[in-house]
Amino acid sequence: MDSIQWLQVFITTALKGSVDLPTTCVIDDIAVAAKALCDGLLVAFPTETVYGLGADATNPFAIGKLFEAKGRPSDNPLIVHLSDLNCLPLAASRITPYAAQLLEAYSPGPITVVVKKNPRISDLATAGLDTVGIRIPRCEQTRDLLRLCDRPIAAPSANRSGRPSCTTWQSVLEDMDSRIDYVLKGAVCEIGIESSVVDCTGEYPVVLRPGATTLEQLQQVVPSTVDWHQKFGERGIELDDSVLPSPGLKHSHYQPRAEVRLVRSLSEIAQSVPVVCSKIAFAGMVDQDISMDSESREFVLFRRYESINQYAREFYEFLREADRRGAEVICLQVVPNAPLGAALFDRQRRAAGIPDSDSTNWRQKT
Ligand code: TXA
Ligand code: MG
């Protein structure tokens with residue numbers, strides 16, 4: 001165990017003896033939320049992507065509580081949120097010129113740039129790395145909150161670790177009631193899947209997690225930008241933990257309780273789900289085939305979306321609703337690689353437990 005993990009264990013053990021969190025309060029006053037964050041408490045808040053679970057990024061005790069509340073592995077670093085570009089020095093110590101260009105072009109918005117960290121950011125928040133992911137959200141309510149806090153706020157997605165992210169405050173409560181202090185009530189998240197995480201510490205930008213700012217958009221500003229999966233897939237390099245550039249990539253993510261299968265069409269359900277399984281949930285696009293062979297199946301949840309944007313916006317809530325309705329199998333129709341398609345596919349395959357090493361193969365088959 002390294003020193004960061006020891007510190008994590010120490011804080012967690014200390015907290016277990018001393019903290020007994022009361023029921024989580026749902027609030028709509030950002031001043032109350034900001035004061036709580038500055039006092040070292042845990043506050044979930046909306047962003048345009050998904051709800052985040054906030055804690056003061058400079059306070060190791062608050063960060064220790066955050067890891068504990070989420071059940072998050074201590075080696076998975078957190079993203080630090082700022083209210084605007086002028087605050088960058090609060091979290092970063094050095095910024096490459098192309099990182100500045102990407103931030104100028106797409107912030108505030110769904111992009112996280114990984115740069116060298118300011119030592120004020122707790123080492124627990126960055127899992128001992130000397131880099132930090134920085135994001136300036138577009139959601140006005142979030143930015144007002146961050147402005148009032150006047151300090152960097154670490155915020156991973158506000159779900160229990162491994163579960164689908166939350167795009168409504170009600171889903172945050174479902175996962176986090178009695179584990180955190182406050183949930184700041186806001187609207188349903190406008191985009192519905194997380195920011196793109198772009199490593200900006202090397203010679204050129206590398207997309208570690210595809211997100212709502214697409215590879216094409218990034219390449220318009222910095223043409224040398226590459227996608228990490230494509231880079232490794234094309235070179236035929238075996239993906240294992242030793243080559244992962246982001247510790248988060250090795251953990252399971254976005255998984256509902258039901259088993260998830262990826263299908264290309266609705267008719268494929270007949271082949272891939274046994275007839276004995278009666279509780280199926282399905283999500284797909286309206287313009288895809290709707291024939292379902294002769295076998296008729298009962299669906300506990302059946303959703304077809306007009307656009308990839310709508311599919312992405314409602315994706316996590318669909319997975320959660322399928323669980324609430326007791327689905328045994330969730331069938332997700334994979335989407336074309338159109339804008340946002342790559343990001344949505346990434347979440348679909350992780351929900352289905354398909355490893356990084358298989359992602360390029362799967363993509364080529366679709
Ligand atoms: O849209 C979003 O990004 C949301 C909202 C709340 O802002 N946040 C979010 O955080 O998705 P989280 O913790 O669920 O995902 C952050 C990802 C993880 O995969 C983590 O490993 C990676 O970013 N990450 C964070 N800091 C990193 C760093 N210094 N180097 C490499 N990867 C990093
Ligand atoms: Mg997450």
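This chain uses plain numbering: 1 for the first residue, then up along the sequence. Counting convention: from 1, in listed order, for ligands and their atoms alike.
Within a 6.0 Å sphere centred on CD of E140, heavy atoms belonging to other residues, nucleotides or ligands number more than 12.
A salt bridge between E190 and R138 is present, with a side-chain N of the basic residue lying under 4.0 Å from a carboxylate O of the acidic one. The existence of a salt bridge linking E68 and R179 is excluded, since no basic side-chain nitrogen approaches an acidic carboxylate oxygen closer than 4.0 Å. Salt-bridge formation is not detected for the pair E194/R135: no Lys NZ or Arg NE/NH1/NH2 atom is positioned less than 4.0 Å from an Asp or Glu carboxylate oxygen.
On a distance-only criterion, S195 and ligand 1 share at least one N/O pair closer than 3.5 Å.
Screening residues 331-344 for salt bridge (charged side-chain N to carboxylate O under 4.0 Å, His left out) gives no qualifying pairs among residues at least two apart or on separate chains. Sorted by first then second residue, the ring-ring contact (aromatic ring centres under 6.0 Å, His included) pairs that include residues 304-328, not counting sequence neighbours, are Y254-Y316, Y305-Y311.
Heavy-atom proximity to V197, at under 4.0 Å, picks out these atoms of ligand 1: 23 (O). Taking a cut-off of under 4.0 Å to the non-hydrogen atoms of I79, the atoms of ligand 1 that pass are 3 (O), 8 (N), 9 (C), 10 (O), 16 (C).
Contacts between E48 and ligand 1 below 4.0 angstrom, taking non-hydrogen atoms only, are absent altogether. Residue contacts with ligand 1, taken as heavy atom pairs separated by less than 4.0 Å, involve T131 via backbone and side-chain atoms alike. Only the side chain of R209 comes within 4.0 Å of ligand 1, counting heavy atoms alone; its backbone N, CA, C and O stay farther away.
Remark: among candidates S157, G133, P110, the nearest residue to atom 9 (C) of ligand 1 is S157, based on non-hydrogen atoms. Nearest residue to atom 25 (C) of ligand 1 from P77, S165, P137 is P77 (criterion: closest heavy atom).
Considering only heavy atoms from C-beta on, I269 comes within 4.5 Å of I280 through its side chain. When side chains are defined from C-beta on, R160 does not count as touching R72, because their heavy atoms never get closer than 4.5 Å. With a 4.5 Å cut-off on side-chain heavy atoms, F45 and I153 count as touching.
In the hydrophobic clustering of this structure, L208 does not group with L102; members are Ile, Leu, Val, Met, Phe, Trp, Tyr whose side-chain heavy atoms approach within less than 4.5 Å, directly or through other members.
Residue K117 places every heavy atom at 4.0 Å or more from ligand 1. Not close to ligand 1: T126, with no non-hydrogen atom less than 4.0 angstrom away. Residue-ligand proximity: H253 is placed with every non-hydrogen atom at 4.0 Å or more from ligand 1.
The Mg ion (ligand 2) has S157 OG as protein N, O or S atoms under 2.8 Å away.
In terms of the side chain to side chain contact (heavy atoms under 4.5 Å, CB included) criterion, residue partners of D56 (sequence neighbours excluded) are, by chain and number, T58, N59, R151.
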